[in-house]
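Position 1 is the first residue of the sequence, and the numbers go up from there. Order of listing sets the numbers, starting from 1, for every ligand and every atom in it.
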Amino acid sequence: MDIFEVMGTCRAIRQLKPDPVPPELIDRLLWAATRAPSPGNSQGWDFVVVDDADARARIGAAVREAMVERVAAMPRPDRTTRLMLDGTGRLVATLDQAPVLIFVTGGVVYPPQAPKEAFTWSALYPAAQSIILAARALGLGSVFTTLHHVADATIREVLGIPDHIRIAATIPIGWPDGVQFGPVNRRPVADFVHHNHWEGDKRGSGA
Ligand SMILES: Cc1cc2nc3c(=O)[nH]c(=O)nc-3n(C[C@H](O)[C@H](O)[C@H](O)COP(=O)(O)O)c2cc1C
């Protein structure tokens with residue numbers, strides 16, 4: 001699949017079938033992740049791939065407990081927000097059913113003489129996005145989440161992730177269940193692009 005088609009149709013897929021994903025496809029996602037750029041090519045990432053049912057159940061329960069009521073109570077002022085929050089509600093209620101969870105993690109390692117936190121995130125986010133784009137290319141659903149924030153202690157305990165390792169993304173992976181890839185809902189390019197100099201707030205200029 002053409003990379004521009006992948007990017008243009010890479011919707012967040014929050015409903016996943018529990019069916020297993022062949023390990024060789026997960027390997028391809030990890031290959032993509034580890035091809036990402038990083039500051040000074042530091043590659044300061046570690047990917048914790050979780051398909052163990054007990055681990056997923058414990059993590060899923062912690063996320064469910066922390067999030068289900070909170071998401072249900074969030075205001076839904078427009079259709080886009082409603083669809084997103086409804087999807088998020090289903091995701092947090094059923095996270096343990098996703099056949100694979102990938103945690104994108106890394107230490108504060110760059111530059112070696114004086115490591116800075118910001119460089120950690122700047123390495124981990126491109127790697128996470130590469131997983132998501134590769135998943136789309138393979139027809140696998142995924143969504144970038146920060147759900148680890150609400151279940152940090154449980155996730156670290158279940159997976160043995162040390163405290164000094166940052167967790168940047170929790171990415172459920174599986175086959176889409178009743179939802180489809182399709183054009184992502186984004187503003188026109190012209191809303192964000194400045195030619196040669198800052199042109200002020202351009203929101204609305206390209207509609
Ligand atoms: C840094 C980051 C954090 C996100 N965290 C969550 C999350 O915790 N839960 C969730 O359901 N979606 C999360 N998302 C997904 C976004 O909500 C989603 O990409 C956005 O609404 C656009 O939807 P689309 O990707 O389907 O076009 C996150 C995305 C990013 C980039």
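- What you find for S130 and A36 is that their closest heavy atoms are OG-CB, 4.0 Å.
- Between W45 and F47, the angle of the ring planes lies from 30° to 60°, which puts this pair in the tilted group.
- Considering all non-hydrogen atoms of both residues, R203 and D191 come closest at NH1-O, 3.7 Å.
- When hydrogens are left out, the protein atom nearest atom 25 (O) of ligand 1 is A12 N, 3.3 Å; that is the closest non-hydrogen contact.
- Considering both main-chain and side-chain atoms, L91 never comes within under 3.5 Å of ligand 1 through any nitrogen or oxygen pair.
- In this structure, the separation between CZ on R90 and CG on L85 is 11.0 Å, given to the nearest 0.5 Å.
- For atom 11 (O) of ligand 1, the nearest protein heavy atom (residue, atom name, distance) is R14 NE, 2.7 Å.
- Among protein heavy atoms, atom 1 (C) of ligand 1 sits closest to F144 CE2, 3.5 Å.
- Residue-to-ligand polar distances keep R11 apart from ligand 1: every N/O pair is separated by 3.5 Å or more.
- Once rounded to the nearest 0.5 Å, the distance linking CD1 of I102 with CD1 of I173 reads 4.5 Å.
- Listed by number with element, the atoms of ligand 1 under 4.0 Å from a non-hydrogen atom of T88 are 10 (C), 11 (O).
- Taking distance alone, with nitrogen or oxygen atoms compared against 3.5 Å, Y125 stays at or beyond that limit from ligand 1.
- Across every non-hydrogen atom of S42 and P39, the tightest pair is OG-O, 2.7 Å.
- Protein non-hydrogen atoms do not reach within 4.0 Å of atom 20 (C) of ligand 1.
- In this structure, R186 is part of the shell of residues with a heavy atom less than 4.0 angstrom from ligand 1.
- With ligand atoms numbered from 1 in the order given, ligand 1 contributes 17 (O), 21 (O) to contacts under 4.0 Å with heavy atoms of M84.
- Any N or O atom pair closer than 3.5 Å counts here, and T145 shares no such pair with ligand 1.
- Of all protein heavy atoms, the one closest to atom 8 (O) of ligand 1 is T146 N, 3.1 Å.
- Listed for the R35 side chain is a donor-acceptor partner under 3.5 Å among the backbone atoms of W31.
- Remark: Q97 CD to L16 CG distance equals 9.5 Å, nearest 0.5 Å.
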